[in-house]
Amino acid sequence: MPPRVRIAPSPTGDPHVGTAYIALFNYAFAKKHGGTFILRIEDTDQQRSTQSSEAAIFDALRWLGLDWDEGPDVGGDRGPYRQSERTAIYREHVQTLLNNGTAYRCFCTSERLAAMRAEQEANKQNPGYDGHCRGIDPADAASRAEGGEAHVIRLRVPEEGETVIVDELRGDIHFSNAEVDDQVLLKSDGFPTYHLANVVDDHLMGITHVIRGEDWITSGPKHVLLYRGFGWEPPLFFHMGLLRNADKSKLSKRKNPVSIDHYRSLGYLPTTFLNFLATMGFSMGEDQERFTLEEMVQAFDWSHVKTGGPVFDGVKLDAFCGDDIRAMDPQALKDALVKHAFEGRLETLVDLSRERINRLDDFLPYISFFFGGEVDYSSVIGKMVPKKRDKKETIKVLKAYLEGIERSEAARAFTVEGLGEFSKEFAAAQGWKPKELYPLLRAAATGRTASPSLFDTLAALGKDRVRLRLRSAIEALRRLAD
RNA sequence: GGCCCCAUCGUUCAGCGGUUAGGACGCGAGGUUUUCAUCCUCGAAACCAGGGUUCGAUUCCCUGUGGGGUCACCA
């Protein structure tokens, strides 16, 4: 039976390189064995999921050439492929769990849960649900639920014994049931949590192999217990190592550009990017590290996959990409260059520069800072710290801004208006005048003291590039003598 | 902290009981190039530690150490 695998991203932000990484391995494995690669959207978090994020994920994965055989936008006969459209299915299935005692209704309020956690913390106990509602008579619980009392549905984890998850890459992993929490399966808003939705969907969609990041290992026993509760055969599990920051922590946007779009906008070739990603954990053997997706598919075998978490180091990616650019034929390179530089943004660049150039030939030099990654701060570094501020404070403000553009609803979409609104409030909150903040941001984002309107500039640069440069500006400031 | 995972040059991937421990990126030196880049040559650079098993351990086992993940009505 050919394998059916899936990638199940949550549309809650920019398309993540980790998603591409896991997608690549799912894809390679499926294609190697003539199987099916499925894209499922895990949008059960109604607060954070967005339509635009979903679209961006599709776009990013397609850019890389990781096309899926079934998914929300391409269809398939095991749909729908968006979890928000499957809520009836989850509710129906959770009923069988309720009926056979694998799950129970819990009426605890969030206040009680918070108090419970506080107490557990005070007593240095491991946090976890205390089973307060486990003993409620199912019939009573059902009628209370019928009466409209708010509640969630939890997994009833056996108090004794252990649950084993079979990892095809790592062998058996044993968990004592006492350590496994009574996870919420169905939230009070009627939406399932990841655990329930994932198991129900994987089963119903006929998923045979679950290839995912190792950060899921600890929830493995919950999933196994769920399969058991349903009376289903669990799929085979493969937990990949996680991509890391230079300090070995899990790859994060705080420390690294993690959006696929970032690498795309910096002009990495998608084929190179994929090849580079593949070398993180996979090898062809025989010291060969340059290969195409097709070649990887041909050679794919789990014995060539490492479980250690690789550091995602862009330096080598640059070298790979440079080699590939040199190898392109002149016409293809010319086309790629023009497309990359101007497609979709020529209009913006012209708008932003037309009042500031006198000759046609001024155009390219003027807009040059809209391209490329890090910039040279040597001509502006001396002007970055505002007159009445010091270096330390300036660094602090830049760091806060960096965090702010993630947190702020207004700034997150990185539009001209949103950035303006956010930045004004941000300055006030920091006790800085716009006159102090804006030149600093301009210098940090562009390496210049002059540019088009700050927010136009930031928006046109794009969030990832701005983030990258702000971080590098902080580094430049740190190196500056006091 | 509890539980779980991982462990070869700075990074990445080889090695799957006996090797001068290999390739790539990066780094250093030299050469080609008017310069830079490219390209070529050479070089420095690693088996986390301690116990076992074995004639023999980087390789198998155990312990320690280190790093990571996870402990939500987020995925």
Side-chain angles (χ1 to χ4, degrees), chain A residues 8-13 16 18-19 40-49 83 106-110 113-114 117 120-121 123-129 150-154 162 165 167 169-198 212-222 239-251 275-291 303-323 325-327:
Chain A
S10 183
T12 52
H16 199 282
T19 302
R40 181 172 74 221
I41 292 294
E42 307 236 335
D43 57 350
T44 54
D45 184 342
Q46 289 294 285
Q47 308 304 317
R48 298 197 302 149
S49 297
Q83 291 186 329
C106 168
F107 299 88
C108 291
T109 61
S110 48
L113 294 175
R117 278 189 204 107
Q120 286 169 339
E121 194 171 336
N123 297 336
K124 293 190 172 174
Q125 289 171 284
N126 288 328
Y129 184 62
H151 68 286
V152 300
I153 292 174
R154 287 182 185 273
E162 63 171 28
I165 111 150
D167 185 298
L169 256 23
R170 302 160 193 254
D172 293 359
I173 305 173
H174 298 251
F175 290 88
S176 161
N177 288 334
E179 296 153 13
V180 183
D181 199 10
D182 279 7
Q183 253 292 324
V184 170
L185 301 178
L186 202 69
K187 302 181 244 184
S188 55
D189 64 2
F191 276 80
T193 57
Y194 169 83
H195 307 283
L196 207 224
N198 153 72
R212 47 153 48 158
E214 68 174 322
D215 46 350
W216 291 109
I217 290 179
T218 15
S219 41
K222 293 167 191 168
H239 290 98
M240 302 280 305
L242 260 25
L243 258 21
R244 316 284 189 97
N245 297 310
D247 65 3
K248 308 274 177 129
S249 57
K250 176 173 161 177
L251 192 66
N275 178 194
F276 177 69
L277 229 35
T279 63
M280 310 265 97
F282 172 79
S283 76
M284 302 281 273
E286 297 178 0
D287 296 334
Q288 188 197 342
E289 59 179 1
R290 299 311 315 272
F291 46 84
S303 67
H304 292 141
V305 175
K306 257 184 80 158
T307 49
V311 171
F312 183 91
D313 176 10
V315 175
K316 193 168 183 177
L317 171 60
D318 281 351
F320 273 20
C321 199
D323 282 344
I325 282 176
R326 263 163 244 128

Problem - Touch class at under 4.0 angstrom, heavy-atom based, for A:His239 against every strand present - result: nothing
Fill in the blank from the handout: Of A:Tyr194 and A:Gln183, the one whose closest nucleotide on RNA chain B sits nearer the 5' end is A:Gln183
Exercise for the section: Please check if the side chain of A:Gln120 supplies one atom and the backbone of A:Gly128 the other of a donor-acceptor pair under 3.5 Å. Expected result: yes
Problem - Touch class at under 4.0 angstrom, heavy-atom based, for A:Gly241 against every strand present - result: nothing
Practice task
Quick one: look up who B:rA21 pairs with, Watson-Crick or G-U, both distances under 3.5 Å, and put none if it's unpaired.
Solution key: none
Exercise for the section: Output all residues satisfying salt bridge (Lys or Arg N to Asp or Glu O under 4.0 Å) with A:Glu42, sequence neighbours left out; order by chain, then residue number. Expected result: A:Arg40
Practice task
Any strand is fair game: report the nucleotide pairing with B:rC42 by Watson-Crick or G-U wobble, both distances under 3.5 Å, or none.
Solution key: B:rG28
Exercise for the section: Scan A:Met284 against the nucleic acid and name what it touches under 4.0 Å (heavy atoms): base, sugar-phosphate only, or nothing. Expected result: nothing
Practice task
Please tell me if the side chains of A:Asn126 and A:Glu179 come closer than 4.5 Å, counting only heavy atoms from C-beta onward.
Solution key: no
Exercise for the section: Quote, to the nearest angstrom, the C1' distance that separates B:rU41 from B:rA57. Expected result: 36 Å
Problem - Identity of whatever pairs with B:rC16 - Watson-Crick or G-U, under 3.5 angstrom - result: none
Exercise for the section: Taking only the side-chain nitrogens and oxygens of A:Arg117, find out if one of them lies under 4.0 Å from OP1 or OP2 of B:rC73. Expected result: yes
Completion exercise
Side-chain atoms of A:Arg326 come closest, of B:rC39, B:rC74, B:rU8, to B:rC39
Exercise for the section: Ignoring backbone atoms, establish whether A:Lys306 has a side-chain N or O less than 4.0 Å from OP1 or OP2 of B:rC13. Expected result: yes
Practice task
Answer yes or no: is there a donor N or O on one side and an acceptor on the other, between the side chain of A:Asp43 and the main chain of A:Gln83, under 3.5 Å?
Solution key: yes
Exercise for the section: For B:rC73, give its Watson-Crick or G-U wobble partner with both distances under 3.5 Å, or none. Expected result: none
Problem - Any N/O donor-acceptor pair, A:Thr218 side-chain to B:rC3 base, under 3.5 Å - result: no
Practice task
Answer with base, sugar-phosphate or nothing: what part of the nucleic acid does A:Val315 contact at a heavy-atom distance below 4.0 Å?
Solution key: sugar-phosphate
Practice task
Please tell me which of the listed nucleotides, B:rG69, B:rC13, B:rA72, lies nearest to the side chain of A:Pro127?
Solution key: B:rA72
Handout entry: Whole-angstrom distance between B:rA44 and B:rC61, as gauged at atom P
Key = 33 Å
Check: protein-nucleotides 19-22 of chain B nitrogen or oxygen pairs below 3.5 Å:
from	atom 1	to	atom 2	distance (Å)
B:rG22	O2'	A:Asp287	OD2	3.4
B:rG22	N2	A:Asp287	OD1	2.9

Handout entry: Of the listed nucleotides B:rU70, B:rG68, B:rC74, the one nearest the side chain of A:Arg244
Key = B:rG68
Completion exercise
Side-chain contact check for A:Phe175: nearest option of B:rC74, B:rC3, B:rC73 is B:rC3
I'd like a list of close polar pairs between nucleotides 40-44 of chain B and the protein, N/O only, cut-off under 3.5 Å.
none

Handout entry: Phosphate-side-chain proximity, A:Ser219 and B:rU70, N/O vs OP1/OP2 below 4.0 Å
Key = no
Problem - base_contact_polar (B:rG69 base, A:Glu214 side chain, donor-acceptor, <3.5 Å) - result: no
Completion exercise
Per atom distances to the A:Thr307 side chain, the nearest of B:rG69, B:rC4, B:rC6 is B:rC6
Exercise for the section: Among the candidates B:rC39, B:rA75, B:rC13, find the nucleotide nearest to the side-chain atoms of A:Glu42. Expected result: B:rA75
Handout entry: Side-chain (A:Gln183) to main-chain (A:Val180) donor-acceptor, under 3.5 angstrom
Key = no
Problem - Euclidean distance for P, B:rG68 against B:rU32 (whole angstrom) - result: 48 Å
Fill in the blank from the handout: Residues A:Leu113 and A:Cys108: closest non-hydrogen pair is CD2-CB, 4.0 Å
Exercise for the section: Would you indicate what A:Asp45 reaches in the nucleic acid, counting non-hydrogen atoms under 4.0 angstrom: base, sugar-phosphate, or nothing? Expected result: sugar-phosphate
Handout entry: Pairing partner (Watson-Crick or G-U wobble, both distances under 3.5 angstrom) of B:rU35
Key = none
Problem - Sugar-phosphate, base or nothing in reach of A:Cys108, heavy atoms under 4.0 Å - result: base
Practice task
Mind checking A:Glu289 for me? I need base, sugar-phosphate or nothing, with any heavy atom below 4.0 Å counting as a touch.
Solution key: base
Completion exercise
Of the listed B:rC25, B:rG69, B:rG67, the closest approach to the A:Lys316 side chain comes from B:rC25
Handout entry: Heavy-atom side-chain contact between A:Thr109 and A:His151 under 4.5 Å
Key = no
Problem - Check: A:His239 main-chain N/O paired with A:Asp167 side-chain donor or acceptor under 3.5 Å - result: yes
Practice task
Could you tell me whether a side-chain N or O of A:Arg244 sits under 3.5 Å from a main-chain N or O of A:Pro310, the two making a donor and an acceptor?
Solution key: no
Practice task
Could you say whether A:Gly308 or A:Pro192 is positioned toward the 5' end of RNA chain B, judged by the nucleotide with the nearest heavy atom to each?
Solution key: A:Gly308
Exercise for the section: Report yes if some heavy atom in the side chain of A:Leu186 is under 4.5 Å from a heavy atom in the side chain of A:Phe191; otherwise report no. Expected result: no
Handout entry: Contact under 4.0 Å: A:Lys124 side-chain N or O vs B:rG2 OP1/OP2
Key = no
Handout entry: 4.5 Å side-chain heavy-atom contact, A:Glu289 and A:Asp287
Key = no
Fill in the blank from the handout: From CG of A:Leu317 across to P of B:rC13 the rounded distance in Å is 15 Å
Handout entry: Euclidean distance for P, B:rU12 against B:rA7 (whole angstrom)
Key = 12 Å
Exercise for the section: Can you figure out which of B:rA14, B:rA24, B:rU12 approaches the side chain of A:Ser283 most closely? Expected result: B:rA14
Practice task
Could you tell me whether the side chain of A:Asn245 reaches within less than 4.5 Å of the side chain of A:Phe312, counting heavy atoms only?
Solution key: no
Problem - B:rC36 and B:rG69, which share atom name C1', separated by this distance in whole Å - result: 45 Å
Exercise for the section: Please answer whether the main-chain N or O of A:Arg290 pairs with a side-chain N or O of A:Gln288 as donor and acceptor at a distance below 3.5 Å. Expected result: yes
Practice task
Can you tell me the distance, in whole Å, between the CD atom of A:Gln83 and the C1' atom of B:rA75?
Solution key: 9 Å
Completion exercise
Across every strand shown, the nucleotide meeting Watson-Crick or G-U wobble geometry with B:rA49 (both distances under 3.5 Å) is B:rU63
Handout entry: Sugar-phosphate, base or nothing in reach of A:Arg212, heavy atoms under 4.0 Å
Key = nothing
Handout entry: Short side-chain N/O contact from A:Lys250 to OP1 or OP2 of B:rU70, under 4.0 Å
Key = yes
Problem - Nearest-Å distance for atom pair CG/C1', residues A:Asn198 and B:rA75 - result: 10 Å
Practice task
Just call it for A:Ser188: base, sugar-phosphate, or nothing, with non-hydrogen atoms closer than 4.0 Å on any strand.
Solution key: base
Problem - N or O in side chain of A:Lys187 less than 4.0 angstrom from B:rC74 OP1/OP2 - result: yes
Handout entry: Value in whole Å for how far the C1' atom of B:rA75 lies from CG of A:Asp43
Key = 11 Å
Practice task
For A:Thr12, answer base if it contacts any base atom (sugar-phosphate contacts may also be present), sugar-phosphate if it contacts only those atoms, and nothing otherwise; contact means non-hydrogen atoms under 4.0 Å.
Solution key: nothing
Problem - B:rU65 and B:rG50, which share atom name C1', separated by this distance in whole Å - result: 10 Å
Exercise for the section: For nucleotides B:rC47 and B:rC42, find the distance between their P atoms and express it as a whole number of Å. Expected result: 24 Å
Handout entry: Euclidean distance for C1', B:rC62 against B:rU70 (whole angstrom)
Key = 26 Å
Exercise for the section: Answer yes or no: is there an ion pair linking A:Asp313 with A:Lys316, defined by an N-O contact shorter than 4.0 Å? Expected result: no
